[in-house]
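First the proteins, then the strands, lettered A, B, ... as listed; each starts at 1. If you're wondering where the values come from, they're calculated on a predicted model, not measured in any experiment.
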There are 2 protein chains.
Amino acid sequence: MSYTIKDVAKKANVSVATVSRILNNLPGYSEKTKEKVLQVITEMGYQPNAIARGLINKKTKTLGVLLPAVSDTFASVVLSGIEDMAHDLDYSVMVCNTAKDGIRTMKYLQALREKQVDGIIFISEFFKEEYYNAITAMKLPIVLVSTKSAYDIPFIKVDDEKAVLDGVMYLLERGHRSIGMIAGTKGDTIATIPRIEGYKKALNKQGIAFETKKVVYGDFGFESGIEAAEELLYHNKDVTAIFCSSDEMAAGALSYLYRMSIRVPDEISLVGYDNTKVAEMAIPPLTTVGQPLYEMGKNSVRMLLEREDGQSKSMFMPHKIAERESVKSIDQSTGE
Amino acid sequence: MSYTIKDVAKKANVSVATVSRILNNLPGYSEKTKEKVLQVITEMGYQPNAIARGLINKKTKTLGVLLPAVSDTFASVVLSGIEDMAHDLDYSVMVCNTAKDGIRTMKYLQALREKQVDGIIFISEFFKEEYYNAITAMKLPIVLVSTKSAYDIPFIKVDDEKAVLDGVMYLLERGHRSIGMIAGTKGDTIATIPRIEGYKKALNKQGIAFETKKVVYGDFGFESGIEAAEELLYHNKDVTAIFCSSDEMAAGALSYLYRMSIRVPDEISLVGYDNTKVAEMAIPPLTTVGQPLYEMGKNSVRMLLEREDGQSKSMFMPHKIAERESVKSIDQSTGE
DNA sequence: GTGAAAGCGCTAACAT
DNA sequence: ATGTTAGCGCTTTCAC
């Protein structure tokens, strides 16, 4: 066993209370005893036991983060923002890979509760009623990142509809008239429906009719992008540009196009969504609607911790188009 | 506040000891009281406090993971293996993003200690003496993943020298004679020197002389791959293949070659290392020497937990070449 | 089969 | 300025 505060007290000839005060920077001791105690502490290599401490203050200085897949580029950037901010504030973070599995999420929620985390950050998944009930029952502060809910829970995300509208406008402004969309999971009320809405509005602004057959669905992943691109082009020989609801799907589309010997952006332009590393690494580098993922992660812990006194409110983060090389302007007069 | 074991005991008209026994599946109560207590527990929605529990058992059922960058593809796959295994074993994991920063690592080590984690997994960084001293002082079990140390600490990794030897042999067998190498950080005794050794040995087997100018260094990241490829080709117009020490660097090389209009694999073949998602997503898909990253993550927690009784030994994991489309066979007789 | 009570390592009154 | 002591919520002897 390691040393305890008692050992330190004994060796320094003071009471545990005094040691505790010194450890916590509370008033109530002379400079001399402080020095003495500090010296004994380093001598013994004493480290306070955060578990015992947590039992009393009801604070563990640790946060729980629930995300669909740690190895997913998207979530891992958010996680890294969370991690950095938490570290600055002296908090630790427990990661819980929910694997899009509701049962597993519930198990995690319980574990986090038992381990008395000070708050929970929930990333990018659909927030079920079941979760809501569990969390309100345990009275834990929570913030949603890149998702939102039907409940009064603060979230932090970009305005998806507006972001896609801008992304599609970007294409429209460059002369594209037949634009396809590779959307996310069909029916997803957070990341699919509003985005399709943005797509529609952009077309509408230019007086272009919306056609159902021009939007196909994927699941945000690479493989689904390949399939979606194939399906989209099969039904729409005329598209000159595709808006993709994630960089990974755009990478998939890119891959399909490459295999079909269709050049990007010469024959078809592509714009992605997220601005993750995959957009940078793609060939050609992808123009994409960027979300400030890292900042969103950082803000989420700030929000969570401030929340403790007085509800903090949700916030929309700005999106920004990262221009790279996957979009070509086409000259309308020549139809080229 | 939530309910405590005392509340349950009172409401069920038994002692806390009995409740505790039931909670922990210990003998010493009748089936009847068990039912009664269990019922009260669900009624109240009681959840045990793992902090209080941890104070007694000196077990927190949580692990600490130290890694250089959560958003790095490589580490995040390992992390996801760790996460899954930990979850199966009812452990939680605290992630610590060390950002290749020694000070930060030391801070984390201390935090993990104070929070009484049951063990530590250290991924892919150089393991400094400083860390060793801190960890032995706190008597925490630890395992190294994808790295090793000068100390008697179990590690789990692939045999880098052998892996690169196989990768380069793969190229040699396909007729390549002038092979460049984009290595990792110069001087890195874990992930660079042994790999260069493997490269040398492969050439040697075929009686090809090793040339210093054919190996250039990067830092395992995408951008460094771009620069390295440029440098390598500048000094070696004749290479027909490049072995890269990470998939990200290979993607960088790919990107550079694309910009230079040098076709892969027609003009230059490429093989990567790791077999992460970026190898799959590359255009063309990268042939790469794969490490079983996810499995390594899983094994590391198994190893860590078994370790508690009796030292467990290090293990080498098998590497395996994932064949995709970035390598072309060249016919030597025609010199093509 | 069940309960009382002594801690685990610490903090926070309350004394002095 | 410093010490004594009562817990925090739980597990674990030791009685009965």
Side-chain angles (χ1 to χ4, degrees), chain A residues 1-38 40-41 44-62 110-118 138-139, chain B residues 1-38 40-41 44-62 110-118 138-139:
Chain A
M1 263 314 299
S2 319
Y3 294 116
T4 73
I5 197 174
K6 239 176 176 164
D7 302 318
V8 174
K10 197 173 300 167
K11 192 148 176 202
N13 279 314
V14 294
S15 72
V16 294
T18 299
V19 177
S20 175
R21 286 186 191 105
I22 293 172
L23 248 23
N24 295 288
N25 281 311
L26 296 176
Y29 45 82
S30 69
E31 193 54 34
K32 220 171 114 191
T33 48
K34 175 175 177 177
E35 267 170 38
K36 166 87 188 196
V37 168
L38 253 24
V40 170
I41 285 177
M44 309 176 75
Y46 164 78
Q47 306 263 116
N49 181 330
I51 294 298
R53 205 172 247 176
L55 189 53
I56 299 183
N57 337 309
K58 274 103 177 57
K59 288 265 164 291
T60 51
K61 285 267 187 182
T62 113
Q110 181 174 337
L112 289 175
R113 194 271 169 78
E114 291 188 1
K115 289 184 178 164
Q116 317 289 129
V117 298
D118 297 339
M138 53 208 219
K139 301 193 184 69
Chain B
M1 264 314 300
S2 317
Y3 294 116
T4 72
I5 197 174
K6 237 174 176 167
D7 301 319
V8 174
K10 198 173 299 168
K11 191 150 177 199
N13 279 317
V14 294
S15 71
V16 295
T18 299
V19 178
S20 174
R21 287 187 189 104
I22 293 172
L23 248 23
N24 295 288
N25 281 312
L26 296 176
Y29 45 82
S30 69
E31 192 54 35
K32 219 170 116 192
T33 48
K34 174 175 177 174
E35 267 171 39
K36 166 86 189 195
V37 169
L38 253 23
V40 170
I41 284 177
M44 308 177 75
Y46 164 77
Q47 307 262 116
N49 181 329
I51 295 297
R53 206 173 247 177
L55 188 54
I56 299 183
N57 326 318
K58 274 101 178 57
K59 287 262 163 294
T60 51
K61 285 265 187 186
T62 113
Q110 182 174 336
L112 290 175
R113 194 273 169 79
E114 291 188 2
K115 289 185 176 162
Q116 316 290 128
V117 299
D118 297 340
M138 55 209 219
K139 302 193 183 73

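- Rounded to whole angstrom, the span from the CD atom of Glu114(A) across to the P atom of dC10(D) amounts to 10 Å.
- When each of Gln116(A), Lys139(A), Arg113(A) is tested with Ser2(B) by the rule side chain to side chain donor-acceptor pair (under 3.5 Å), just one qualifies, namely Arg113(A).
- Here Thr33(A) does not reach the OP1 or OP2 of dA1(D): none of its side-chain N or O atoms lies under 4.0 Å away.
- Within the 4.0 Å cut-off from OP1 or OP2 of dG9(D), at least one side-chain nitrogen or oxygen of Lys58(A) is found.
- Considering every non-hydrogen atom in both Lys61(A) and Lys115(B), the closest pair reads O-NZ, 2.7 Å.
- Interatomic distance, CG of Leu38(B) versus CD1 of Ile22(B), reported as 6.5 Å (0.5 Å rounding).
- One atom, CG of Asn24(A), and another, C1' of dG9(C), lie 13 Å apart when rounded to the nearest Å.
- Listed candidates were dG9(D), dG3(C), dG9(C). Nearest to the side chain of Ser15(B) is dG3(C).
- Between Arg21(A) atom CZ and dC14(C) atom P the separation is 14 Å, expressed in whole Å.
- Residue-level contact check: Pro27(A) touches neither bases nor backbone, having no heavy atom under 4.0 Å from any strand.
- Among the heavy atoms of the strands lying under 4.0 Å from Ser20(B) is at least one base atom, whether or not backbone atoms are also near.
- Between Thr18(A) and dA1(D), a side-chain N or O to OP1/OP2 separation shorter than 4.0 Å is absent.
- When the nearest nucleotides of DNA chain C are assigned to Tyr29(B) and Leu55(B) by heavy-atom distance, the more 5′-ward of the two goes with Tyr29(B).
- Atom CG of Leu26(A) and atom P of dC10(C) are 15 Å apart (whole Å).
- Rounded to whole Å, atom P of dG9(D) lies 13 Å from atom NZ of Lys59(A).
- Residue Lys10(A) contributes atom NZ, which lies 13 Å from atom P of dC10(C) at whole-angstrom precision.
- Along DNA chain C, the nucleotide closest to Asn57(A) and the one closest to Ala17(B) are compared, and the more 5′ of them pairs with Ala17(B).
- Across all their heavy atoms, Ile41(B) and Leu23(B) have their closest contact at CD1-CD1, 3.6 Å.
- Dashed line: the shortest gap from a side-chain N or O of Tyr46(B) to OP1 or OP2 of dC10(D) is under 4.0 Å.
- Taking for each of Val16(A) and Gln47(B) the nucleotide of DNA chain D with the nearest heavy atom, the 5'-most of the two is the partner of Val16(A).
- Atom CD1 of Ile56(A) is separated from atom C1' of dA6(D) by 10 Å (rounded to the nearest Å).
- Residue Thr4(A) places none of its side-chain N or O atoms closer than 4.0 Å to OP1 or OP2 of dG9(C).
- Residue-level contact check: Asn13(A) touches the backbone only, with heavy atoms under 4.0 Å from sugar-phosphate atoms and none from bases.
- One distance of note links OG1 of Thr4(B) with NZ of Lys10(B); it measures 8.0 Å at 0.5 Å rounding.
- Atoms CD1 (Ile5(A)) and P (dT4(D)) sit 14 Å apart, rounded to a whole Å.
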